[in-house]
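Notes for the one structure printed next.
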Amino acid sequence: QAQLVESGGGLVQAGGSLRLACAASGPTFSSYAMGWFRQAPGKERAFVTAISRSGGVRSYADSVKGRFTISRDNPKNTMYLQMNSLKPEDTAVYYCAASQKWSTNLHDYDYWGQGTQVTVSS
């Protein structure tokens, strides 16, 4: 049932920051664990970070630890990804996704947004 829409992508210089948002439709946002995944051209979609239903548990891929922060605002049906100290290798299409259970596994996520492009220039 979840419908997800990402926003906030764009072009930024290396070392800069962006904040992505994922807006969910419907009244059941808080029923889902949420995650961010990314896919660069020619590469498989990869896990970036995930957050539990209430926001109490968070997990990050090693490549983004210390630089990215996931959060959610359940009353606003919105999830965020704060990205700091961006690197050219962070360039990818970023997708938000929803899972019926806590997971860091892409295959456990049932609903996906359309993606938003993040480009980091050197």
Side-chain angles (χ1 to χ4, degrees):
Q1 291 184 325
Q3 297 185 40
L4 310 174
V5 179
E6 302 94 336
S7 63
L11 175 65
V12 65
Q13 292 185 338
S17 299
L18 284 173
R19 189 169 85 147
L20 307 183
C22 173
S25 63
T28 60
F29 177 71
S30 63
S31 297
Y32 296 92
M34 301 292 296
W36 288 97
F37 299 80
R38 65 187 182 185
Q39 187 166 23
K43 297 185 178 180
E44 295 186 345
R45 193 169 300 184
F47 170 77
V48 177
T49 181
I51 187 167
S52 62
R53 293 171 178 83
S54 64
V57 180
R58 306 178 188 191
S59 184
Y60 297 91
D62 289 342
S63 59
V64 306
K65 285 181 180 177
R67 300 189 299 119
F68 290 11
T69 303
I70 189 171
S71 62
R72 66 191 297 165
D73 187 339
N74 285 345
K76 293 185 177 180
N77 287 358
T78 304
M79 176 180 65
Y80 302 94
L81 180 63
Q82 178 66 46
M83 304 184 293
N84 298 328
S85 301
L86 283 162
K87 305 174 181 179
E89 50 262 46
D90 295 318
T91 295
V93 176
Y94 282 70
Y95 298 89
C96 68
S99 174
Q100 297 182 61
K101 65 177 184 180
W102 165 251
S103 179
T104 59
N105 190 324
L106 178 152
H107 301 288
D108 288 326
Y109 284 78
D110 301 305
Y111 303 99
W112 294 83
Q114 84 289 347
T116 186
Q117 177 71 46
V118 171
T119 302
V120 184
S121 62
S122 61

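Computed from a predicted model, the values in this text were never measured in an experiment. All values below were derived from every heavy atom in this structure, side-chain atoms included, with hydrogens, water molecules and symmetry-related copies excluded.
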Original post:
Between Y109 (side chain) and A33 (backbone), is there a donor-acceptor pair under 3.5 Å?
Top reply: no

Subject >> Flag side-chain contact, heavy atom, 4.5 Å: R58 against T69 >> reply: yes

Original post:
Would you say the side-chain atoms of E6 pair up with the backbone N or O of G115, donor to acceptor, closer than 3.5 Å?
Top reply: yes

**OP:** First locate atom CH2 of W36, then atom CG of L20, and finally report the distance between them rounded to the nearest 0.5 Å.
**Re:** 4.5 Å

Original post:
Distance-only, no hydrogens or angles: does the R19 side chain make a donor-acceptor pair with backbone N or O of Q82 under 3.5 Å?
Top reply: no

Original post:
Is any side-chain heavy atom of L106 less than 4.5 Å from a side-chain heavy atom of F47?
Top reply: no

Original post:
Is the side chain of T49 donor-acceptor paired with the backbone N or O of S59 at a distance under 3.5 Å, no angle test?
Top reply: yes

**OP:** Kindly give the heavy-atom pair with the smallest separation between F29 and N74, and that separation in Å.
**Re:** CE2-OD1, 3.0 Å

Original post:
How far does CE of M34 sit from OG1 of T78, to the nearest 0.5 angstrom?
Top reply: 9.5 Å

Original post:
What is the minimum heavy-atom distance between S122 and A14, and which atoms define it?
Top reply: CA-CB, 4.3 Å

Subject >> Interatomic spacing from CD in Q117 to OG1 in T91 - rounded to 0.5 Å >> reply: 7.0 Å

**OP:** Would you give the length of the straight line joining atom CG of L4 to atom CD of Q114, rounded to the nearest 0.5 angstrom?
**Re:** 9.0 Å

**OP:** Find out if a path of hydrophobic residues (ILVMFWY) with successive side-chain heavy-atom gaps under 4.5 Å connects L18 to V48.
**Re:** yes

Original post:
Is any side-chain heavy atom of Y60 less than 4.5 Å from a side-chain heavy atom of R67?
Top reply: no

Original post:
Do S30 and R53 touch side chain to side chain, with heavy atoms closer than 4.5 Å?
Top reply: no

Subject >> Side-chain touch Y111/Y32, heavy atoms, less than 4.5 angstrom >> reply: yes

**OP:** Kindly compute the distance separating OG (S7) from OH (Y94), expressed to the nearest 0.5 Å.
**Re:** 15.0 Å

**OP:** Flag the pair K87 and D90 as a salt bridge only when some basic side-chain nitrogen lies within less than 4.0 angstrom of an acidic carboxylate oxygen.
**Re:** no

**OP:** Return the minimal non-hydrogen interatomic distance between G9 and T116, and the atom names on each side.
**Re:** N-OG1, 3.2 Å

Original post:
Do F68 and V120 belong to the same hydrophobic cluster, where Ile, Leu, Val, Met, Phe, Trp and Tyr are linked whenever their side-chain heavy atoms lie under 4.5 Å apart, directly or via other members?
Top reply: yes

Original post:
Considering only heavy atoms from C-beta outward, does the side chain of Q13 approach that of L86 to under 4.5 Å?
Top reply: no

Original post:
Can you name the closest pair of heavy atoms from S52 and W102 and give their distance?
Top reply: N-CZ3, 3.5 Å

Subject >> Student check: side-chain heavy atoms of V118 and R38 closer than 4.5 Å >> reply: no

Subject >> Pairwise distance SG(C96) to CD1(I51) - rounded to 0.5 angstrom >> reply: 13.0 Å

Subject >> pair W112-R45: side-chain heavy atoms closer than 4.5 Å >> reply: yes

Subject >> Partners meeting ring-ring contact (aromatic ring centres under 6.0 Å, His included) with Y95 (sequence neighbours left out) >> reply: none

Original post:
Would a hydrophobic clustering, with Ile, Leu, Val, Met, Phe, Trp and Tyr connected at side-chain separations under 4.5 Å, put I70 with V64?
Top reply: yes

